[in-house]
Amino acid sequence: MMRMSWMITVINRRMMKILIALALIAYIASVWGTYANMRSIQEHGEMKVEQRIDEAVAPLREKIRELELSFTQKYPPVKFLSEKDRKRILITGGAGFVGSHLTDKLMMDGHEVTVVDNFFTGRKRNVEHWIGHENFELINHDVVEPLYIEVDQIYHLASPASPPNYMYNPIKTLKTNTIGTLNMLDPEVHPQNEEYWGHVNPIGPRACYDEGKRVAETMCYAYMKQEGVEVRVARIFNTFGSRMHMNDGRVVSNFILQALQGEPLTVYGSGSQTRAFQYVSDLVNGLVSLMNSNISSPVNLGNPEEHTILEFAQLIKSLVVSRSHIQFLPEAQDDPQRRRPDIRKAKMLLGWEPVVPLEEGLNKTIQYFSRELEHQANNQYIPKPKAARMKKGRPRHN
């Protein structure tokens with residue numbers, strides 16, 4: 001009896017152990033299952049969080065990619081020049097109307113170009129498409145102050161050329177044309193040829209520009225004779241094209257702006273005064289040809305095709321298809337009655353003459369001004385043609 005009781009006790013202990021073991025296994029399985037489930041939930045949660053982060057970051061990544069692409073500057077095509085052919089060229093006033101087009105030409109030809117401008121009339125946006133290029137440098141500097149830089153060629157274009165600009169500060173204009181030229185170095189006749197010395201009123205509203213240019217030429221030739229400096233003198237006649245200031249007071253920009261805005265086209269005097277306009281690309285080609293020649297005497301660069309101011313007004317009105325009428329105002333002080341360049345010298349020695357037809361050039365300029373007007377309108381500002389401000393006399397046709 002006692003043996004049976006002992007056996008039952010042993011069996012019960014074994015059963016107890018088994019039951020405890022099973023309970024322990026069940027507990028472990030339960031804990032493991034809970035852990036595994038929590039891990040699954042956690043992993044799933046993490047996946048959801050990561051997914052949400054990805055969804056939120058995706059537009060930012062796309063924006064960064066777009067910004068990277070926008071900062072990856074796409075420059076106009078540039079030729080490769082060997083070291084012996086590549087020149088270091090300085091252009092003063094290189095962010096201005098003519099200077100910026102000259103910059104484009106020389107950069108695309110493969111040269112190293114340094115533009116110097118104080119941005120009085122020049123604009124950074126005229127040359128911003130070259131910023132960052134290894135062959136290009138932009139310096140904010142006034143040529144009235146000395147500039148020390150080593151270059152092979154200098155195109156000195158740092159002078160306000162439109163009447164409102166050069167009459168705004170005549171002393172500054174004189175300094176730019178004289179001291180500025182010095183720093184870069186240390187019509188009674190019709191048509192006007194290179195022997196024409198000019199008919200200038202030394203105390204008139206235009207004197208700061210005309211006399212400044214004449215002194216600049218004198219200094220160039222003085223340095224050539226005394227210091228052996230190679231000089232090229234281009235006498236530039238009326239030029240038009242894209243990147244002109246719309247409110248610079250020049251006849252072409254005035255007429256186009258007035259026609260596009262439906263305002264009267266203002267003609268000073270009878271409109272019988274004549275002018276001859278060249279498109280800016282023709283001028284740039286002439287400047288480069290002259291620079292690379294061995295001609296040290298002055299050379300006229302202009303278009304000998306002569307038109308009256310009234311003809312220009314009517315032509316621009318027609319090309320714009322404008323309903324503007326032509327308004328005649330009193331004649332301006334010191335306004336030349338006839339102006340046309342004699343370019344026989346340029347044709348004979350440089351093989352240069354204008355090739356862009358007048359209407360083609362005007363259409364390109366009208367398109368440019370139309371875009372500028374749209375841009376200005378989007379920025380809540382529309383420029384008006386700005387006449388020269390003088391105490392005496394009136395604006396003149398440049």
Side-chain angles (χ1 to χ4, degrees), residues 97-99 101-102 105 155 157 159 161-163 187-200 206 209-210 213-214 217 232-242 244 248 250-256 267-293 295-316 318-319 332 334-366 396-398:
F97 163 46
V98 174
H101 285 281
L102 179 60
K105 162 76 173 165
Y155 289 85
L157 303 175
S159 173
S162 69
E188 287 295 297
V189 178
H190 182 78
Q192 292 86 40
N193 59 28
E194 288 81 4
E195 305 304 315
Y196 174 56
W197 293 349
H199 177 66
V200 180
R206 185 181 166 87
Y209 181 79
D210 291 340
K213 289 294 185 183
R214 296 209 300 184
E217 284 193 17
R232 308 286 183 265
V233 175
R235 290 182 179 167
I236 300 171
F237 285 73
N238 296 71
T239 308
F240 70 96
S242 60
M244 294 179 76
D248 66 3
R250 301 192 207 191
V251 60
V252 171
S253 51
N254 260 12
F255 285 165
I256 291 177
V267 172
Y268 297 96
S270 65
S272 60
Q273 314 95 304
T274 65
R275 297 292 184 271
F277 286 92
Q278 66 183 333
Y279 191 65
V280 65
S281 61
D282 283 331
L283 172 60
V284 165
N285 290 332
L287 289 172
V288 174
S289 295
L290 177 58
M291 176 64 85
N292 295 316
S293 73
I295 304 169
S296 58
S297 56
V299 176
N300 288 339
L301 296 177
N303 193 333
E305 185 180 318
E306 190 175 13
H307 296 273
T308 67
I309 294 297
L310 183 56
E311 286 172 347
F312 269 112
Q314 293 167 337
L315 176 58
I316 289 171
S318 172
L319 292 175
D334 295 338
D335 196 12
Q337 292 304 300
R338 302 188 73 186
R339 181 179 291 166
R340 177 168 71 90
D342 181 342
I343 63 168
R344 287 177 294 178
K345 186 174 180 179
K347 290 174 70 174
M348 181 175 65
L349 300 180
L350 300 177
W352 174 89
E353 63 181 320
V355 296
V356 179
L358 178 63
E359 288 195 18
E360 179 183 328
L362 285 174
N363 278 323
K364 289 180 179 179
T365 309
I366 289 167
R396 58 192 301 285
H397 290 298
N398 191 36

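As a basis for the values below, the full set of heavy atoms in this structure was taken, side chains included, without hydrogen atoms, waters or symmetry mates.
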_For the CD atom on E311, are there more than 12 heavy atoms of other groups (residues, nucleotides or ligands in this structure) within a distance under 6.0 Å?_
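Yes - once you tally the heavy atoms of other residues, nucleotides and ligands closer than 6.0 Å, there are more than 12.
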By side chain to side chain donor-acceptor pair (under 3.5 Å) - contacts of [X] (at least two apart):
{"X": "N363", "result": "none"}
{"X": "S281", "result": "none"}
{"X": "S293", "result": "none"}

Would you compute the distance between atom [atom1] of [X] and atom [atom2] of [Y] and round it to the nearest 0.5 angstrom?
{"X": "K105", "Y": "N285", "atom1": "NZ", "atom2": "CG", "result": "5.0 Å"}
{"X": "L290", "Y": "L349", "atom1": "CG", "atom2": "CG", "result": "10.0 Å"}
{"X": "K347", "Y": "D342", "atom1": "NZ", "atom2": "CG", "result": "9.5 Å"}
{"X": "L362", "Y": "L319", "atom1": "CG", "atom2": "CG", "result": "6.0 Å"}
{"X": "Q273", "Y": "I309", "atom1": "CD", "atom2": "CD1", "result": "6.0 Å"}
{"X": "R338", "Y": "R275", "atom1": "CZ", "atom2": "CZ", "result": "11.5 Å"}

Compare all side-chain heavy atoms of [X] with those of [Y] and state whether any distance is below 4.5 angstrom.
{"X": "T239", "Y": "F97", "value": "yes"}
{"X": "N300", "Y": "K345", "value": "no"}
{"X": "W352", "Y": "L301", "value": "yes"}
{"X": "V98", "Y": "L287", "value": "yes"}
{"X": "L358", "Y": "F312", "value": "yes"}
{"X": "N303", "Y": "Y279", "value": "no"}
{"X": "R250", "Y": "F277", "value": "no"}
{"X": "Y268", "Y": "V251", "value": "no"}

Shortest non-hydrogen contact from [X] to [Y]?
{"X": "M291", "Y": "R232", "answer": "O-NE, 3.6 Å"}
{"X": "V284", "Y": "L102", "answer": "CG2-N, 3.7 Å"}
{"X": "V267", "Y": "G271", "answer": "CG1-CA, 3.5 Å"}
{"X": "A276", "Y": "P304", "answer": "CB-C, 4.5 Å"}
{"X": "V280", "Y": "H101", "answer": "CG2-CD2, 3.6 Å"}
{"X": "I343", "Y": "G302", "answer": "CG2-O, 3.5 Å"}

